[in-house]
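To start, the structure itself, in structure tokens.
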Amino acid sequence: MPALWLAVIVLALAGIGYFIGRARALKSADGDIRLLHSLPSYYGSNVAMLTAVPALLVLIVWTIVQPLVVNMHVAGLIPVSELDEGVNLNLVMSDVRRVAEGLQAAVAQGALSVQAAANIDLGAVDLRAILGSVGVALGSDVTMVTLDAAQQYRGATATGQIAMTVVVLMVALGLMGYTLSKTNKELRARNIVERGVKIALISAAMIAILTTIGIIFSLVFNTIEFFRMYSFSDFFFGTTWAPSFGGGSALGVLPLLWGTLYISLIALAVAVPIGLFAAVYLSEYASRPVRAFAKPLLEILAGIPTIVYGLFALLTVGPLLQRVFGDGGLGWMDAASSVMTAGLVMGIMLIPFVSSLSDDIINSVPQTMRDGSYGLGATRSETIRQVILPAALPGIVGAILLAASRAIGETMIVVLGAGAAARLSLNPFEAMTTVTAKIVSQLTGDADFASPEALVAFSLGMTLFVITLGLNIFALYIVRKYREQYE
Amino acid sequence: MNDMRLTERKVDSKEIKIEARDVQVFYGDTHAIKDVNVDILDKTVTAFIGPSGCGKSTFLRTLNRMNDTIDICRVEGAINLDGEDIYDKRVDPVQLRAKVGMVFQKPNPFPKSIYDNVAYGPRIHGLAQSKADLDEIVERSLRGAAIWNEVKDRLHAPGTGLSGGQQQRLCIARAVATSPEVLLMDEPCSALDPIATGQVEDLIDELREKFSVVIVTHSMQQAARVSQRTAFFHLGNLVEYGETGQIFTNPTDPRTESYITGRIG
């Protein structure tokens with residue numbers, strides 16, 4: 001039985017269990033709700049929860065594990081002698097799976113009868129043509145070994161499916177029966193359901209944490225692989241970035257880090273003052289209607305996809321800068337792509353980030369502080385400069401650091417606005433590139449995945465991850481320290 | 001209530017410091033203060049008493065235009081400080097508040113050092129000519145607020161680290177440092193324990209030598225202990241205003257009598 005149908009059946013069982021459980025609990029108290037330990041709906045939920053959750057978990061785990069087990073089993077059946085020179089077992093297995101899927105599809109669409117599919121004589125039928133007619137194209141004619149393995153594969157899969165159906169239904173029905181037998185007015189159903197809710201919440205949190213750990217591991221292993229092939233010191237202290245896919249590349253990270261920091265610095269130099277002043281205006285000076293109108297409008301900026309900012313850099317800001325600083329003007333700028341172009345546009349992107357966070361922080365400075373200052377005869381700007389901003393400073397620093405880690409991780413604006421040349425230079429009107437942009441260019445294309453030129457992307461990613469992680473931790477530390485001041 | 005003490009109390013000054021005539025305050029459509037006429041004397045402690053929501057704090061805040069910071073608040077009538085209308089267009093509320101200082105219900109020291117808290121007002125008003133001058137103002141203010149001995153060894157520690165009573169006296173020192181002529185206190189002891197309250201009350205009595213003090217309080221005992229004159233507010237009206245002894249022992253209005261005997265409020 002397909003997994004989807006099984007899931008529907010389990011859920012239906014849970015629904016039925018809900019009503020039976022509820023009714024049983026009520027009956028055990030002779031219909032008087034006050035005699036029950038919990039509300040009737042808790043007894044129902046208890047039965048439904050124990051019916052559905054374990055059974056669905058079994059279903060999920062089984063669906064994931066079964067193909068792996070079947071694969072291993074069938075792979076063990078293929079004789080090593082049958083493998084041609086240089087042919088990978090994985091390639092043969094993927095052929096086997098395709099043939100098995102094809103046979104399945106052929107039976108489902110009526111191109112082959114169940115009987116015929118089980119006993120195929122390769123001499124008599126052109127299996128490749130049949131499978132092709134049901135939409136499964138094969139690269140070569142089916143060999144005897146592959147067909148045997150495919151038949152084995154189909155058999156094992158079918159057995160697994162039946163076993164899964166039986167087990168899942170047994171788990172669901174068994175637990176439903178057990179829970180129902182326990183359901184009476186003394187059962188602490190509410191406590192059990194509450195515990196179930198707690199576990200659900202914990203697992204939601206765990207998923208986020210585990211994913212982070214998974215990401216780190218996937219980076220770490222590839223990074224280690226890269227450093228086996230490429231010297232540690234050449235990577236971190238090399239001043240040239242010149243990958244060549246033929247081998248013999250220079251993969252020094254310094255020009256990329258410099259580009260990243262330079263562009264981020266310009267971006268922050270734009271975003272921090274503008275964002276901060278906007279936040280001060282919005283929280284201290286703006287009247288209520290202006291604020292209600294301007295704040296969401298400013299936050300819309302945060303919703304624009306970065307690729308659109310990239311286009312803005314490429315088509316508007318770059319040419320504009322070139323007209324002023326380029327050949328026709330001051331002559332400092334060769335092309336529209338430059339650190340300045342990307343930095344300015346990225347700064348614009350970060351304005352709502354800085355202003356929105358700072359605005360919240362400034363607003364959370366207690367009104368009594370303002371009153372105290374106004375009560376002493378301070379003007380508005382004196383109050384802001386001498387009382388509010390110092391009080392909000394740690395939070396604002398946190399906001400700026402969060403903005404900085406976004407700037408460092410930004411890709412699209414750099415790709416479109418800053419050019420692609422890795423260069424160590426102080427001139428902000430020259431094209432440079434960043435770590436993120438180079439990760440993209442190293443992983444796209446036909447490079448051999450096992451070469452240092454491709455694997456360097458992971459160590460670049462790891463470097464970036466460590467930098468932004470450090471910044472984020474520092475920012476969170478500061479923001480948290482600030483919070484303690486008023487609570 | 002200690003009637004003996006009340007009758008001994010005498011008002012030293014007859015000079016009018018603040019004169020309010022037909023004052024109306026509106027919050028949006030709400031008429032919060034109605035036709036209040038009151039003369040606040042110089043070098044006197046005046047207490048505003050009344051049940052919650054009667055408008056005594058609102059009226060207090062009109063005396064240094066703190067209500068200006070609330071958009072929907074509107075004041076009508078005349079309030080004269082030394083004969084000059086403080087709601088006149090030519091009056092800068094910033095300068096007014098330097099003359100009419102304020103201490104709030106909850107201690108609100110700035111997140112700065114004790115020294116910087118007290119020096120805040122003198123700095124923004126340019127009252128000190130040198131560092132030594134500023135040091136002297138800070139010391140005088142802290143002594144004036146009876147907190148000097150407790151903090152003199154840690155002037156550069158944060159003001160937020162003091163206890164509640166110390167924080168409130170620091171806030172009083174901060175207000176005193178700008179040399180105001182009138183000091184408004186909005187329930188200055190409501191967040192303090194009895195010991196700290198006693199200290200602040202003693203302080204208020206000392207402050208009377210230099211300024212006119214107006215204090216809003218919920219505690220009638222406190223009003224009786226610290227003030228020479230008392231005003232009773234009810235539902236936005238000034239019901240009765242007179243010598244504290246007279247208000248507490250022989251009120252003329254039946255509403256005042258009901259309140260001080262605990263029947264309304």
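Below, chain A is the first sequence line, B the second, and so on; all start at residue 1. These figures come from a predicted structure and were not determined experimentally.
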Between A:D371 and B:R61, does the side chain to side chain contact (heavy atoms under 4.5 Å, CB included) criterion hold? Intermediate values first, please. CA-CA 11 Å; A:D371 284 349; B:R61 292 166 77 96; 3.8 Å; yes
Assert top hit (heavy-atom pairs under 4.5 Å, partner chain B, pool A:G377, A:S287, A:G372) equals A:G377
Side chain, backbone, both or neither of B:V103 within contact of chain A (heavy atoms, under 4.5 Å): neither
Residues, nucleotides or ligands: over 12 heavy atoms within 6.0 Å of A:F277 CZ: no
Walk me through it: do A:L376 and B:Y120 pass the test side chain to side chain contact (heavy atoms under 4.5 Å, CB included)? CA-CA 8 Å; A:L376 288 169; B:Y120 182 80; 3.7 Å; yes
Interchain contact, A:S373 with chain B, by part (heavy-atom threshold 4.5 Å): both
If you count the non-hydrogen atoms of other residues, nucleotides and ligands that lie under 6.0 Å from CZ in B:F26, is the total more than 12? yes
In terms of heavy-atom proximity below 4.5 Å to chain A, should B:P109 be classed as side chain, backbone, both, or neither? backbone
Please say whether more than 12 non-hydrogen atoms of neighbouring residues, nucleotides or ligands are located less than 6.0 Å from NZ in B:K131. yes
Heavy atoms of other groups near A:F474 CZ, more than 12 under 6.0 Å: no
Residue B:K99 versus chain A: region with a heavy atom under 4.5 Å: neither
Spatial distance of atom CZ (A:R370) from atom CG (B:N108) [nearest 0.5 Å]: 12.0 Å
With a 4.5 angstrom heavy-atom cut-off, is it the side chain or the backbone of B:F110 that approaches chain A, or both, or neither? both
Answer yes or no: does atom NZ of A:K295 have more than 12 heavy-atom neighbours from other residues, nucleotides or ligands under 6.0 Å? yes
